[in-house]
Protein chains: 2
Amino acid sequence: MSDETPQVGRRATLTDVARAAGVSRQTASRVARGGENVNARTAARVRRAIKALGYRPDPIARALSTGRGRIVGLLTHQLTHQRTGLGAVSIMIGVEQAATELGLGVSIATFASFDRGTVQDAVDRLARAGCDGVIFMAPWVSAAKTLRAVEATLPMVATSEVPEYDGLAVHADAAKAAGDVVDHLVSLGHTTVHHVGGPPDWTSSRLRLLGWENALRRTGAEVPEPLIGDWTARSGYEAGLRLADDPSVTAIFAANDEMALGVIYALIERGRHVPEDVSVAGYDDAPGSDYLRPPLTTIKVDDAEHGRQAVAQLILRLNGEPPLPSAVVPHELIIRASTAPHE
Amino acid sequence: MSDETPQVGRRATLTDVARAAGVSRQTASRVARGGENVNARTAARVRRAIKALGYRPDPIARALSTGRGRIVGLLTHQLTHQRTGLGAVSIMIGVEQAATELGLGVSIATFASFDRGTVQDAVDRLARAGCDGVIFMAPWVSAAKTLRAVEATLPMVATSEVPEYDGLAVHADAAKAAGDVVDHLVSLGHTTVHHVGGPPDWTSSRLRLLGWENALRRTGAEVPEPLIGDWTARSGYEAGLRLADDPSVTAIFAANDEMALGVIYALIERGRHVPEDVSVAGYDDAPGSDYLRPPLTTIKVDDAEHGRQAVAQLILRLNGEPPLPSAVVPHELIIRASTAPHE
DNA sequence: TAACAAGATGTTACCGGTAACAGCGCCCTT
DNA sequence: AAGGGCGCTGTTACCGGTAACATCTTGTTA
């Protein structure tokens, strides 16, 4: 094994390359980055040396020198339940895929509570870690101030719509999706649709509720008082108990699949059949929702694509280019057996 | 606003602190790190300057200088379904919590397929990003070689047991957990327990199957041929169809909740009641499994704790200290209505 | 043919830390 | 009183890159 075998011993540096190619470090650096203003013959020689030595630039040194780390920060919270969990991990994977494709690293920071200080700590960690920009999974409604504070620290893209915040955000059109669910149920002959919403301080709750309400209004249907859950099946169950004994309830839209599960449980427990007596729809297309009894009508969003689009927007932002106008993640209404014609 | 207001303008550096305190940069550095061999009075002066200027060390510069990045790498794959998805995100959160507590950053890299090259690329990315060590979520059986390759690049802790790999790993005792399920079913009067396993190249499949088999053997029960699924509810459904018509089947243990869902769907479709005719148990305690009909008996593992323990082991490893012997994540059998006495 | 622009390369300094070593004062030995 | 060790502090160099500027060729133009 010769001294120059790649991967053995100390990693090759630019200085090694320069020496091997008989040029200055600076010239080697120029070639390594793309070779502007370098003679073709020289460049070829340097490239040969790079290959022979297995040289790869050290991102840390580069970051120190340029002040830019070529790292995307991922800021997310620690709730582990369904809504956040599975969607979040898919978004993360999308982010990582897109970032890697662009040669960027990904650092993560999480926060346990939604208050300003905690979040700011997390952003600071990312900033100090050399992140050039942040993708912020900020799911709660009153995040506007926090978002502005984060944006002041680092360029940012949010992964949800946030009221009173007009910075960059990539998101699915949750209100439209909720409207699709309502339209579907109305078209099945239901005169109105009841709603079991998520916690009011969550953006997704708010938008799903809004979309539900607007769609009902649009069709001229009565808008019943919504019930509020906390995303868990148990809270869905409790809401379901309250709806089960009201014979005018024939269609229920739960803001996520888990709560839909609880709703169905309660309905059945009270002797009402799904979907014969009551149609139930969810949101998220959680794994397994196709083999519930009955299989659940729900909304599916491509979360990985969500993550990829967020990175795309962030990169444009970092390069000072105008954002893509099309940054809305597509959704799809998946109709299954939990919703059926009324009467 | 004075020049010294923290957070305004350029971040304070060690040089700024040194100048403000009237000492050399080196002394300032010593104090910033803990103040060995520094006069108490001097140290106090430096600390005051640090506070006044809002100085915080730059991890990048430190990493360049020391060669250690104070970053934990998180290596995981891109499958988004249940088993990986939700468990993975919880482990990640645990990792991030523990790392943050220790003042470490977290970088992630994902890989799309299990082949050596792809995984090695991902580790390399982490290595170049300044990670000191890696937590590797390597869920497949034949990973031993890959693990050794990763370990050769960076100190590593795996989050699953891997056959023929004797490096550090933190994991739940999946075989024991599977045994607990079987024991529970046997104690209910079932003469044997059928199994719907996950893909054979997954460690968790293998261990759950092994634990199931051993427990049956131990109790002297017959060991029926296991059926193999792919973690999805659909595959559980298909397995369920094959078991449904065999009257000797009275208890089924599925290797995850999603497949259990499919199994139950098939059984009911074929007119067999759960749990009256057939008991079904799953694994994972997926959100909502408490409001399935019937609520699902399953195994719950504290994934966040899993992540925390992995970090703890990694840190010991990095410091050259002996690993904790107790690195087994506890699990819990959760008994619900999907399992019932036989006869 | 002198002047000058553009291309190619090298030199120097710097990013913000840390390590290694040198120097200085002081107290304690002997 | 000289020597030695210790506590504290400063100096210098280095980590692996990049930016800014200087220098030296060329080829082009007036």
Side-chain angles (χ1 to χ4, degrees), chain A residues 9-47 49-50 53-71 103-105 124 127-132, chain B residues 9-47 49-50 53-71 103-105 124 127-132:
Chain A
R10 203 179 103 275
R11 199 118 204 169
T13 74
L14 212 44
T15 311
D16 301 330
V17 172
R19 194 179 322 117
V23 298
S24 74
R25 207 151 55 117
Q26 185 58 28
T27 300
S29 169
R30 280 191 272 254
V31 175
R33 276 176 292 162
E36 304 271 295
N37 285 357
V38 178
N39 180 293
R41 209 181 310 283
T42 315
R45 200 147 32 92
V46 174
R47 266 193 291 275
I50 287 178
L53 297 174
Y55 168 79
R56 277 162 58 196
D58 180 344
I60 294 179
R62 176 177 285 171
L64 179 60
S65 177
T66 58
R68 307 188 72 194
R70 300 187 61 77
I71 297 175
L104 303 171
D124 284 348
R128 306 294 295 175
C131 292
D132 301 317
Chain B
R10 200 178 105 278
R11 200 117 205 170
T13 74
L14 211 45
T15 310
D16 301 330
V17 172
R19 195 180 320 119
V23 297
S24 74
R25 204 154 53 120
Q26 185 59 29
T27 298
S29 169
R30 279 192 272 255
V31 175
R33 275 175 294 162
E36 304 271 295
N37 286 356
V38 178
N39 180 294
R41 207 181 312 283
T42 316
R45 199 147 32 92
V46 174
R47 267 193 291 274
I50 286 177
L53 297 174
Y55 168 79
R56 278 161 59 196
D58 180 343
I60 294 179
R62 177 177 284 172
L64 180 60
S65 176
T66 58
R68 306 189 70 195
R70 299 186 62 76
I71 296 175
L104 304 172
D124 284 348
R128 306 295 295 176
C131 293
D132 301 316

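Side-chain atoms are counted along with the backbone in the values below, which use heavy atoms only and exclude waters and symmetry mates. Chain letters run A, B, ... following the sequence lines, proteins first, then strands; residues in each count from 1.
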Chemist: Check this for me: does the side-chain of B/Arg25 come within 3.5 Å of the base of C/dG17 through a donor and an acceptor?
Modeler: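 Looking at the base of C/dG17, it does pair with a donor or acceptor on the side chain of B/Arg25 (distance under 3.5 Å).
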Chemist: Are the side chain of A/Arg45 and the backbone N or O of A/Ala21 linked by a donor-acceptor pair below 3.5 Å?
Modeler: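 Yes; at least one donor-acceptor contact below 3.5 Å.
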Chemist: Looking at B/Ser24, I'd like to know whether one of its side-chain N or O atoms comes within less than 4.0 Å of OP1 or OP2 on D/dG10.
Modeler: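 For B/Ser24, the contact criterion (side-chain N or O under 4.0 Å from OP1 or OP2 of D/dG10) is met.
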Chemist: Closest to the A/Asn39 side chain: C/dG16, C/dT18, C/dA8?
Modeler: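 So the side chain of A/Asn39 is nearest to C/dA8.
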Chemist: Using whole Å, what does the distance between atom P of nucleotide C/dG7 and atom CZ of A/Arg30 come to?
Modeler: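 Rounded to whole Å, this separation is 13 Å.
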Chemist: Nearest to the side chain of B/Ser65, heavy atoms from C-beta on, is which of D/dC15, D/dG10, C/dT9?
Modeler: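 It is D/dC15.
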Chemist: Output the rounded distance in Å from CG (A/Asn37) to C1' (D/dC21).
Modeler: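 It is 14 Å, rounded to the nearest whole Å.
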Chemist: Between A/Leu53 (CG) and D/dG17 (P), how many Å, whole number?
Modeler: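 Answer to the nearest Å: 12 Å.
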Chemist: Under 4.0 Å, heavy atoms only, any strand: does A/Thr42 hit a base, just the sugar-phosphate, or nothing?
Modeler: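 Here A/Thr42 touches the backbone only, sparing every base.
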Chemist: Round to a whole Å and report the spacing from CG of A/Asp16 to C1' of D/dC15.
Modeler: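 Rounded to whole Å, this separation is 13 Å.
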Chemist: Could you state the CD1-P distance from B/Ile60 to D/dT18, rounded to the nearest angstrom?
Modeler: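 To the nearest whole Å, that distance equals 14 Å.
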Chemist: Just by distance, do the side chain of B/Thr66 and the backbone of B/Arg62 share a donor-acceptor pair under 3.5 Å?
Modeler: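 Pair found, side chain donor or acceptor close to backbone of B/Arg62.
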Chemist: Run the numbers on A/Asp58 and A/Arg11 for salt bridge (Lys or Arg N to Asp or Glu O under 4.0 Å), then give the verdict.
Modeler: CA-CA 10 Å; A/Asp58 180 344; A/Arg11 199 118 204 169; over 6 Å; no
Chemist: Looking only at side-chain N and O atoms, does A/Ser29 come under 4.0 Å of OP1 or OP2 in D/dT18?
Modeler: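 Yes, because at least one side-chain N or O of A/Ser29 sits under 4.0 Å from OP1 or OP2 of D/dT18.
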Chemist: Rounded to whole Å, please give me the gap between CZ in A/Arg62 and P in D/dA19.
Modeler: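 Interatomic distance, CZ of A/Arg62 to P of D/dA19: 10 Å.
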Chemist: Where the side chain of B/Gln26 is concerned, which of D/dG17, D/dG16, D/dG10 is the nearest nucleotide?
Modeler: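 Among the listed nucleotides, the one closest to the side chain of B/Gln26 is D/dG10.
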Chemist: If only side-chain N and O atoms count, and only distance matters, is there a donor-acceptor pair under 3.5 Å linking A/Ser29 with A/Arg33?
Modeler: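 There is such a pair between these side chains.
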Chemist: Once you round it to whole Å, what is the distance between C1' of D/dG16 and CZ of A/Arg19?
Modeler: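 The distance from CZ of A/Arg19 to C1' of D/dG16 comes to 13 Å, rounded to the nearest Å.
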Chemist: Would the base of C/dG16 count as contacting B/Thr13 through its side chain, where contact means a donor and an acceptor less than 3.5 Å apart?
Modeler: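 Counting by modelled atom types and ignoring angles, no donor-acceptor contact under 3.5 Å is found here.
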Chemist: Any side-chain N or O of A/Thr27 below 4.0 angstrom from OP1/OP2 of C/dG10?
Modeler: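 Answer yes for this pair, as a side-chain N or O of A/Thr27 is under 4.0 Å from OP1 or OP2.
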Chemist: Using whole Å, report how far CD of B/Glu36 lies from P of D/dG7.
Modeler: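 Those two atoms, CD and P, are 11 Å apart.
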Chemist: Would you classify B/Arg33 as touching base, sugar-phosphate or nothing, given that sugar-phosphate means primed atoms plus P, OP1 and OP2, and contacts are heavy atoms under 4.0 Å?
Modeler: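 The residue B/Arg33 makes sugar-phosphate contact but no base contact.
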Chemist: Would you mind telling me which residue lines up with the more 5' stretch of DNA chain D, B/Arg128 or B/Val23, judged by nearest nucleotide?
Modeler: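 Nearest-nucleotide comparison on DNA chain D picks B/Val23.
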Chemist: Mind checking A/Asp58 for me? I need base, sugar-phosphate or nothing, with any heavy atom below 4.0 Å counting as a touch.
Modeler: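 Result for A/Asp58 = sugar-phosphate.
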Chemist: Within the distance-only criterion (no hydrogens, no angle test), does the side chain of B/Asp132 pair as donor or acceptor with the backbone N or O of B/Arg68 below 3.5 angstrom?
Modeler: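 Side chain of B/Asp132 to backbone of B/Arg68, a donor-acceptor pair under 3.5 Å: no, none is there.
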